[in-house]
**Student:** 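Mind looking over this structure? Questions follow.
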Amino acid sequence: MDYKKIEKKWQKKWKDEKAYKFDPEKVGEKKYVLEMFSYPSGAKLHVGHWYNYGPSDSYARFKRMQGYEVFHPMGFDAFGLPAENYAIKTGIHPKDSTFKNIKTMEKQLKAIGATYDWNYEVITADSKYYRWTQWIFLQLLKAGLAYRKEAPVNWCPSCQTVLANEQVKDGDCERCGSVVVRKNLTQWFFKITDYADELLAGLDGLDWPEKTKLMQKNWIGKSYGGEIEFTVLTGQSFKVFTTRADTLFGVSYVVLAPEHPLVAKLTTPDRAAAVAAYVADTGKVNEIERLSTAREKSGIFTGAYAINPINGRKVPVYIADYVLASYGTGAVMGVPSHDERDFIFAKKYGLPIERVVKSADGSADELPYVEYGVNVNSGRFDGLTTDEAKIAIVQELQKNGKGELKTNYRLRDWLVSRQRYWGAPIPIIHCPHCGAVPVPEKDLPVLLPYNVDFTPDGKSPLLKSDEFMNVKCPVCGAPAKREPDTLDTFVCSSWYFLRYPDNKNKKKAFDGDWINKMLPVDKYIGGAEHACMHLLYARFFTKALRDMGYLNFDEPFLSLVHQGLILGPDGNKMSKSLGNVVSPDETIKKYGSDAFRLYLMFGFSYIEGGPWSDKGIESVVRFMERVERLAQKAAAADLSKSDYGKEEKELNYIRNSAIKSVTRDMEAFGFNTAVARLMELTNALYAYDNRNPDIKHAVFKAAVKDLILLMAPMTPHFAEELNESLGGTVSVFKQRYPVIDESALTLDEVEIAVQINSRVKAKLNVPSALDENGVKEFALSQPQIAALVSGAEIKKIVVVPKRLINIIL
RNA sequence: GCCGAAGUGGCGGAAUAGGCAGACGCAAGGGACUUAAAAUCCCUCGGUUGCAAGACCGUAUCGGUUCGAGUCCGAUCUCCGGCACCA
């Protein structure tokens, strides 16, 4: 078969017939199937794109054949750093390269023969889109979910620029390899932490990979504990957060983060110089290093003492860089006897170590003892278990207002400003009189200017565009400056799935009623690397927009699948430097896009991925040719055999069990086993053909037709062509996906295994109508089974219907 | 260090819900067709042992539960992914 020719032929036909046009009138039975949109990088579509999009499209086709109105859009995540970095290297403007790449990729995606309805395309770098990204920013601001504060960011001293977290690899700049340092800048944040609890609770109801849910759960990191107030002798007070309030009697010091606002105030004059020097030093250490567990603990005494509220004991106040200002209260209590870090710290600085918990069974345990146990040396709390004491001690403090139960999250607010050019401008104007003023909605979009020098020099590139920067304050009319930062690209991708169904809307980001009908996405397919970024942000946006009244559902993606990674033939990740990159274009040229897609579905477990094999793709080509010859046989066959005998019954059984398992496997993204079942059906049809070379029963041709229909989602052009060759005049995608005939699946006899003492000794055909006792009697009445038992005493018989009988002697 | 997932033939990978391990494919071997080769069609294909029927072993390792374990439980080893001073 001339693959190239038939691909062109059917793609043209589909296009002319608008075969995959989405019909909004039919949304009652819709399926929203969505693949994570792609980044329009310079290179062409790689195997990874195909692996994401090919099998997913087959799933969409499968749903379409089952009668659903499938909404299957495609678009581009077009803002972002790679285009900008490429521009810095080559001088080609990001806008030019991006939109050129999009054209190329659109063409390539069309060549896949996928069912995308391009009418619904979304491009995030298009002002028709980012206008609404900016609008959402303003809504978040209005709702108190966007705010500005000073925060440390990743700074590359060599590139003279801020880097996104994703650009920091093991503490180094991804581009030049320099060590990244921290730098404080005033930044915009989204208050995702307001939704920490709901983001956590909502995971339970989602049909997502457990691993991904767990990653989000750990990322959100909810922990239960108490906040306890310590008062310094000089009068100030501060709170510490602890999950082990039960160890409060064992506190021998307290520690503040170097950035804690009280540090300067409570440090005694004689310690001031040393403390200031320590604080300055920690500022120089880069974040990665500071947070490294391998680093030796260091700290410094402030000269101040605080009172432990439970026993009135005076304990020294330290500062140490292992305490994070951004978590909890930025202060912790030190209990060396029951915490490993505190133990090391106490040893180093000669602080007392006093046991307040022992193991419940009283067995000898060394300090630091971090397990749960029973309180000792804790006054009237002695004898309480850890779980009891944690609560009781906080409750005791609560009476004097010195403590309360508290929940903390690891999740931090989302830093969304970027000192970069190629992104959506943040719609804010800074006025000397009115402060940070939101751009009025009627003035959106704030267009990203084209002529900007984006060579990195440590400042936001937009600052250099006077034309962009200088505006009048929308409130008082005084000369003012625009916000020069742009939004993180993850902001753009946090709501694109909401825009797809209503992508032409000029009045709103999307129409509420319409979007409530179309969303949530029924099946979302994309890489696992987005577990704690895009997939979390999109959930946050959905919930925030719901609370603002723009939509009425809680979760954007009901069901999620991660595809695996296709490796090079040598088992390594494909990379130019290893020379193991498989080019989809060349492979397709040689074998056709259907074969390429079919191999991607057959050669791997979809969620695992694995190494590419040239032999593998040849094997699916062989399979397709086998099917093609079968179709030729079916077209030419003499179907006058009227006798519906054992062979026909068997063939029909295999045909129906193939329909059953292929349907189930397609549903579960078990593509490799689905193809295997089709191969089995093909083998059975060959066997039938071999035994009945001259005249065949009509069931042969019917089974071949079903085979073609079952294959259609995987090899669309090929299936259309075969369907036509068998006289079909209607596209396979307008035909109903095969449905099983239950009666064909019930056999008169089933083969079961006969075990003696749990070892298989024989196979036996048993009438399938028999119940358990019937099977026992039938089996024992068979001479060959009786011979195996040979008169021994039968202690027990286990029967598993349709599978086995186990005779215990 | 903590959390999680995985470990099955020469290879890629299958095994609803604890029930015949190795589906399907690749590679390999054999046969048919052919002057020959390719292609195609058919058969064999975990290991040891046996003339054979068969017997024994076998899902990383060790132990356990069970009539029965790749699957469940406990420990160990290896590889991968995530988090990494979160108090």
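Because the structure is predicted, anything quoted here is derived from the model rather than measured. We name chains A, B, ... by the order of the sequence lines, and we start the count at 1 in each one.
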**Student:** Give me the distance, rounded to whole Å, that separates B/U48 from B/A38 when you measure between the C1' atoms they each carry.
**Tutor:**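 It works out to 39 Å between them.
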**Student:** Say we look at B/C83 and B/U8: how far apart would their P atoms be, to the nearest angstrom?
**Tutor:**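 Nearest-Å result for B/C83 against B/U8 at atom P: 27 Å.
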**Student:** Nearest nucleotide by nearest heavy atom, which residue falls closer to the 5' end of RNA chain B, A/Gly609 or A/Gly328?
**Tutor:** A/Gly609
**Student:** Look at the side chain of A/Arg759 against the base of B/C56 and say whether a donor-acceptor pair falls under 3.5 Å; ignore hydrogens and angles.
**Tutor:** no
**Student:** Answer yes when A/Arg664 and A/Glu667 have at least one side-chain N-carboxylate O distance shorter than 4.0 Å, and no when they do not.
**Tutor:**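 Judged by the 4.0 Å cut-off on N to carboxylate O distance, A/Arg664 and A/Glu667 do not form a salt bridge.
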**Student:** On a whole-Å scale, what distance lies between the C1' atoms belonging to B/A17 and B/G13?
**Tutor:** 23 Å
**Student:** Could you give the distance separating B/G9 and B/U61 at their P atoms, to the nearest angstrom?
**Tutor:**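 10 Å, rounded to whole Å.
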**Student:** Does A/Phe623 have its ring centroid less than 6.0 Å away from the ring centroid of A/Phe602?
**Tutor:**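 A/Phe623 vs A/Phe602: aromatic centres not under 6.0 Å.
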**Student:** Which value, in whole Å, describes the distance between the C1' atoms of nucleotides B/C86 and B/U71?
**Tutor:**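 Here B/C86 and B/U71 have their C1' atoms 37 Å from each other.
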**Student:** Counting Watson-Crick and G-U wobble pairs with both distances under 3.5 Å, what is the dot-bracket string for RNA chain B, 5' to 3', using [ ] for crossing pairs and | for pairs to another strand?
**Tutor:** ((((.((..(((......[....))).(((((.......))))).((((....))))..(((((..]....))))))).))))....
**Student:** Nearest-Å distance, OH (A/Tyr372) to C1' (B/A87)?
**Tutor:**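 Going from A/Tyr372 (OH) to B/A87 (C1'), I get 12 Å.
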**Student:** Charged N to carboxylate O under 4.0 angstrom, A/Arg677 versus A/Glu680?
**Tutor:** yes
**Student:** Please give the distance between the C1' atoms of B/G30 and B/C45 as a whole number of Å.
**Tutor:**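 Straight-line distance between the two C1' atoms is 11 Å.
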**Student:** Give me the distance, rounded to whole Å, that separates B/U59 from B/A6 when you measure between the C1' atoms they each carry.
**Tutor:**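 It comes out at 13 Å once rounded to the nearest Å.
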**Student:** As a test of the definition: with a 90° window around 0 for syn, would you call B/G74 syn or anti?
**Tutor:** anti
**Student:** Could you tell me the separation between the CG atom of A/Asp689 and the C1' atom of B/C41, rounded to a whole number of Å?
**Tutor:** 10 Å
**Student:** Do nucleotides 17-26 of chain B as a string where each nucleotide becomes B, S or -: B if the base has a protein heavy atom under 4.0 Å, S if just the sugar-phosphate does, - if no protein is that close.
**Tutor:** --BB--BBSS
**Student:** Could you list all the salt bridge (charged side-chain N to carboxylate O under 4.0 Å, His left out) pairs where at least one residue sits in residues 595-608 of chain A, not counting sequence neighbours?
**Tutor:** A/Asp57-A/Arg597
**Student:** Determine the Euclidean distance between corresponding P atoms of B/A53 and B/G63; express it in Å to zero decimal places.
**Tutor:** 33 Å
**Student:** Report yes or no: does A/Asp413 contribute a side-chain atom to a donor-acceptor pair with the main-chain N or O of A/Thr193 at less than 3.5 Å?
**Tutor:**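 Yes, the answer is positive, given that a donor and an acceptor are paired below the 3.5 Å cut-off.
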**Student:** Do we get A/Arg341 above A/Tyr322's six-membered ring, with its NZ or CZ under 6.0 Å from the centre and within 45° of the axis?
**Tutor:** no
